[in-house]
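First up is the structure itself, then whatever we jot down about it.
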Amino acid sequence: MLKVENLHASVDGKPILKGLTLEVPAGEVHAIMGPNGAGKSTLSYVLTGREGYEVTEGSATLDGEDLLALSPDARAARGMFLSFQYPLEIPGVPALTFVRTAMNAQRKARGEPEVPAPEFLKRARETAAALKMDFDMLRRGLNVGFSGGEKKRMEIFQMAMLEPRFLILDETDSGLDIDALRIVSEGVNALRSPERSMLVITHYQRLLDYIRPDKVHVLAAGRIVATGGPELALELERSGYDRYGEAA
Amino acid sequence: MSAITKASAWMTGAPLPNRRDESFRWTDIGRVLKALPPPSPPAYAPGWPGPFEGLADREARFVNGIETGPELLVLGDERVAARFISDAVSTAHFSRLKVQVQPGAYAVLLESYEGRGEGYFANVVLEIEVCAGAHLERIVVLDEPDTAVSVSTAEVHLHERAQFSQFVAASGAKLQRHETHLIHPGHGASARLDGVYVVGGARHADITTVLTHTGVGGETSELVKGVAADTARAVFQGKIVVAHGADKTDARMRHDALLLSDRAEVDAKPELEIYADDVACAHGNTVGALDEEALFYAAQRGVPPAEARALLTKAFLAEVADRIEDAGPREAARVWVERRLEALTS
């Protein structure tokens with residue numbers, strides 16, 4: 001599924017990723033943990049093509065296709081999805097309109113027909129119900145006036161609707177209380193499937209109690225410095241990141 | 001001398017305003033028109049239906065300044081269209097209309113500026129009186145060729161407990177100025193002065209409002225939003241005067257602009273002059289570009305950049321037309337603004 005090799009990337013000329021190598025096979029959930037400043041968010045932005053993140057060396061492919069050559073929307077159409085740490089508020093664009101626009105744009109890019117409005121609404125209703133979301137929230141401006149938990153739930157709603165193949169969850173647990181964390185995690189777990197992979201980026205072990213990873217990687221100073229099973233996360237929780245050195 | 005008296009005098013030899021007149025600093029008509037062009041000849045009434053097709057109970061038409069309909073419109077509970085139509089080449093015409101809303105009535109004035117031809121100068125003057133307890137929604141659409149010069153000046157008088165709600169949609173011209181003077185008596189009267197401009201090419205749109213609170217406890221809300229693309233220029237001047245004795249006035253003014261190109265220009269001048277006590281006045285003004293973060297968010301979900309920009313721009317403007325109370329004209333105004341936007345971003 002996702003293969004990252006010797007990836008180097010800079011922001012404003014400052015190297016952040018310094019030879020990152022990572023492979024996430026289809027169906028697996030991998031966690032990336034690391035201290036602040038290690039390059040966790042940079043990795044998620046480089047993989048999704050945000051402007052200002054310059055790749056200077058290395059490669060990133062999704063099922064063999066070069067991701068780095070594609071625009072962000074083209075990557076989305078091929079199944080990349082980044083759940084934002086701080087999802088944006090977009091006044092004036094109802095969530096339903098936003099998701100339908102995104103869905104049809106992705107379909108168009110893949111050469112598929114648009115989703116008929118009744119079918120879209122039916123799916124939206126079912127998905128909202130499964131996530132215990134008030135359907136009326138979807139008619140209001142996207143994320144406008146939503147709590148942190150509601151915004152994250154809206155991200156999960158979008159994931160469930162857009163059905164990406166590769167999910168990146170960037171600090172999805174930040175700002176969530178235990179109840180919200182549980183609901184969001186259940187939503188994510190419901191999306192686990194043999195055809196879908198996930199990269200869960202987190203500073204704390206807590207989230208991984210709810211979303212159990214197949215593998216845990218430690219990112220420090222722009223590189224993966226350790227890889228192990230879920231027990232590695234527990235160990236980090238006990239001993240901290242000190243032994244992996246200071247962040248760059 | 002009132003603004004409408006001044007504007008009327010341009011047609012009888014008074015000099016056209018230029019940048020030395022403070023209020024026309026950014027809309028220099030004298031520079032574009034060295035002298036008043038010769039009078040426009042009569043023209044046929046248009047075959048097109050106008051932007052408010054099918055919405056009005058009756059209609060007053062001014063074609064090249066020549067009216068077909070009463071010079072004084074007395075409005076009851078009804079929707080009336082006032083269509084100022086220009087079909088002229090390099091000539092000038094003048095229209096004058098008085099509107100009176102009867103006490104207690106709820107009326108909607110659908111005002112359109114529909115231009116054909118080129119290089120004309122259209123000058124329109126309106127006097128609007130909203131009697132006690134009446135409510136007038138004034139909805140204005142300015143749709144003119146990019147070679148025209150057009151000025152519309154209105155003086156609006158409110159009586160006590162009257163309500164005045166204005167929405168102006170401008171797409172610019174060579175120079176296009178929409179000016180409203182509102183005399184607000186307080187005493188239960190309230191006013192809304194909204195506007196949207198969508199300008200591209202080398203067009204110029206100017207929305208100017210001067211609001212004078214003269215009595216106790218008046219309420220006003222003003223929201224103007226616009227987008228400027230290419231080398232277009234937009235001007236917003238909003239002045240609120242709270243006269244001595246107009247205590248407990250509550251006046252709020254906002255202007256937000258989006259620049260869609262780095263060669264577009266928006267000039268804004270919000271002004272507050274307060275001579276009364278215990279007033280709540282606020283104004284806010286922003287000019288900026290689309291939020292890069294929002295564009296990336298949309299792109300990351302699969303929306304291509306051009307489509308994302310169009311979606312966000314539409315959303316940025318939508319809240320203004322949403323404030324129109326009368327549903328039919330609200331939809332017509334929304335569609336008109338969206339079409340202009342599509343023409344701009346496509």
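Lettering of chains follows the sequences in order, A, B, ..., and the numbering in each one begins at 1.
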### Query
For atom CG of A/D134, is the number of surrounding heavy atoms from other residues, nucleotides or ligands below 6.0 Å larger than 12?
yes

### Task
Calculate, to the nearest 0.5 Å, the distance between atoms CD and OH belonging to A/E89 and B/Y297 respectively.
10.5 Å

### Closest contact, heavy atoms only, B/E307 versus A/T101
OE2-CG2, 3.4 Å

### Message
For A/R110, I'd like to know if atom CZ has over 12 heavy atoms of other residues, nucleotides or ligands within 6.0 Å.
### Response
yes

#### Entry: Which portion of A/I90 sits near chain B, non-hydrogen atoms under 4.5 angstrom
side chain

### Message
With a sphere of 6.0 Å drawn around NZ of B/K269, does it hold more than 12 non-hydrogen atoms of other residues, nucleotides or ligands?
### Response
yes

## Note on the structure
Honestly, the part of B/A298 sitting under 4.5 Å from a heavy atom of chain A is both

### Task
Mind checking the OG1-CD spacing from A/T48 to B/Q300? Nearest 0.5 Å is all I need.
5.0 Å

### Summary
Closest non-hydrogen contact found for A/P91 with B/A315 is O-CB, 3.4 Å

### A/S71, part contacting chain B, at a heavy-atom distance under 4.5 Å
neither

### Query
Is the B/F296 ring parallel, tilted or perpendicular to the A/F84 ring (thresholds 30°, 60°)?
tilted

### Query
Checking A/Q158 against chain B: side chain, backbone, both or neither under 4.5 Å from a heavy atom?
side chain

#### Entry: Under 4.5 Å from a heavy atom of chain A, the part of B/D322 involved
neither

#### Entry: Spacing of B/L295 atom CG and A/L88 atom CG [to the nearest 0.5 Å]
10.0 Å

### Task
Start with the C-alpha distance between B/E293 and A/R50, add both sets of side-chain angles, then the distance that settles salt bridge (charged side-chain N to carboxylate O under 4.0 Å, His left out), and finish with yes or no.
CA-CA 9 Å; B/E293 183 127 6; A/R50 185 164 189 165; 3.5 Å; yes

## Note on the structure
Between B/R301 and A/A76, the two heavy atoms sitting closest are C-CB, 3.8 Å

#### Entry: B/R323 atom CZ, over 12 foreign heavy atoms within 6.0 Å
yes

### Message
Given heavy-atom pairs under 4.5 angstrom as the criterion, report whether the side chain, backbone, both or neither of A/L162 touches chain B.
### Response
side chain

### Message
Looking at B/K314, I'd like to know if its NZ atom is crowded, meaning that more than 12 non-hydrogen atoms belonging to other residues, nucleotides or ligands lie closer than 6.0 Å.
### Response
no

#### Entry: Pairing residues for B/Y106 by the ring-ring contact (aromatic ring centres under 6.0 Å, His included) criterion, not counting sequence neighbours
B/H135

### Message
Could you check whether atom CD of B/E325 has more than 12 heavy atoms from other residues, nucleotides or ligands sitting under 6.0 Å from it?
### Response
yes

